[in-house]
Amino acid sequence: MTENIFEKIIKKEIPADIIYEDDLVLAFNDISPQAPTHILVIPKKNIPKLSDSKNEDKDLLGTLLLTAKKIAKDNNINNYRLVINNGSEAGQTVFHLHIHILAGRDFGWPPG
Ligand code: 5GP
């Protein structure tokens, strides 16, 4: 299977502006930011989309959320929106699970 762009970023085959990294998780700035802060938090494990995750991924999914919270706190961001697009009709374009952290402007509801 061909590697998608996030797998190449994990392997450092292409550059990214990395915000946070540990054994399980990588976070980097979005290349096309939709808000003043737009960070992507991804697992290093290859899970194409949230609906592909399994019960065994429970700890990893919790770790992703806690990492998003930590990144926000470490950057003094108190108000933010987390987004997971699941599937192309929901707006997913890169098929490696990721959480968007968006902050720095007002957000409408319902989302577009
Ligand atoms: P999705 O639409 O799948 O929820 O989000 C994918 C995100 O990945 C988009 O916001 C897009 O701008 C970002 N993205 C796509 N290619 C790259 C890349 O090569 N580097 C970085 N840093 N972000 C990317």
Side-chain angles (χ1 to χ4, degrees):
M1 228 165 74
T2 45
E3 281 179 349
N4 69 40
I5 203 85
F6 289 179
E7 281 133 36
K8 290 183 175 153
I9 289 173
I10 291 167
K11 291 183 179 168
K12 311 283 163 66
E13 291 172 358
I14 64 164
D17 187 9
I18 292 174
I19 305 287
Y20 175 86
E21 180 167 18
D22 63 26
D23 290 348
L24 298 174
V25 176
L26 187 65
F28 48 93
N29 281 320
D30 197 293
I31 204 167
S32 177
Q34 301 302 309
T37 296
H38 189 170
I39 298 167
L40 302 171
V41 184
I42 72 173
K44 290 188 173 175
K45 179 177 176 179
N46 185 1
I47 301 172
K49 54 190 195 294
L50 183 66
S51 56
D52 295 314
S53 63
K54 306 203 165 19
N55 286 345
E56 70 198 32
D57 297 316
K58 181 171 66 173
D59 287 352
L60 179 58
L61 295 178
T63 298
L64 285 176
L65 275 180
L66 289 170
T67 302
K69 181 200 79 168
K70 173 182 165 48
I71 289 168
K73 185 169 184 235
D74 290 351
N75 289 279
N76 295 314
I77 300 167
N78 297 313
N79 294 277
Y80 49 88
R81 180 170 288 180
L82 301 184
V83 173
I84 298 175
N85 295 322
N86 187 85
S88 52
E89 288 177 25
Q92 187 174 5
T93 57
V94 178
F95 286 83
H96 183 107
L97 174 62
H98 50 282
I99 299 175
H100 298 256
I101 305 175
L102 295 151
R105 66 170 172 84
D106 291 336
F107 297 102
W109 193 264

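Remember, it's 1-based here, ligands and their atoms both numbered in the order they're listed. The structure displayed is predicted, hence computed values, not measured ones. We number each residue from 1, following the sequence as shown.
Nearest protein neighbour of atom 15 (C) of ligand 1, counting heavy atoms only, is Val94 CG2, 4.1 Å. Closest to atom 3 (O) of ligand 1 among all protein heavy atoms lies Thr93 N, 2.7 Å. The single protein non-hydrogen atom nearest to atom 8 (O) of ligand 1 is Phe6 CZ, 3.4 Å, given as residue, atom name and distance. The closest protein non-hydrogen atom to atom 5 (O) of ligand 1 is His98 NE2, 2.9 Å.
Close approach of ligand 1 to Ser32 (heavy-atom distance below 4.0 Å) involves ligand atoms 12 (O). The contact set between ligand 1 and Ile9, taken as ligand atoms under 4.0 Å from a residue heavy atom, comprises 20 (N).
At least one donor-acceptor pair under 3.5 Å links the side chain of Asn4 to the backbone N or O of Phe95.
Partners of His38 according to the ring pair (Phe, Tyr, Trp, His ring centres under 6.0 Å) rule, which considers only residues two or more places apart in sequence or in another chain, are His100.
Of the candidates Ile39, Ile5, Ile31, it is Ile31 that places a heavy atom closest to atom 24 (C) of ligand 1.
Heavy-atom separations between Ala16 and ligand 1 are all 4.0 Å or longer. Ligand 1 lies less than 4.0 angstrom from a heavy atom belonging to His100.
In this structure, Lys70 places its NZ atom where only 12 or fewer heavy-atom neighbours from other residues, nucleotides or ligands lie under 6.0 Å away. Open room surrounds NZ on Lys69; 12 or fewer heavy atoms of other groups in view lie less than 6.0 Å from it. Crowding of Glu13 atom CD: a count of heavy atoms from other residues, nucleotides or ligands under 6.0 Å exceeding 12.
The shortest distance between side-chain heavy atoms of Phe6 and Asn46 does not fall below 4.5 Å.
Between Asp30 and ligand 1, at least one pair of N/O atoms sits closer than 3.5 Å. Between Phe28 and ligand 1, a contact under 3.5 Å exists for no N or O pair. Looking at Asn29 next to ligand 1, an N or O pair under 3.5 Å apart turns up.
Cluster partners of Ile71, using a side-chain heavy-atom cutoff of under 4.5 Å among ILVMFWY residues and allowing indirect links, are Ile19, Tyr20, Leu24, Val25, Ile39, Val41, Ile47, Leu50, Leu60, Leu61, Leu64, Leu65, Ile77, Tyr80, Leu82, Ile84, Leu97, Ile99, Ile101.
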Candidate pair Lys54 and Asp57, rule salt bridge (Lys or Arg N to Asp or Glu O under 4.0 Å), full reasoning = CA-CA 5 Å; Lys54 306 203 165 19; Asp57 297 316; over 6 Å; no
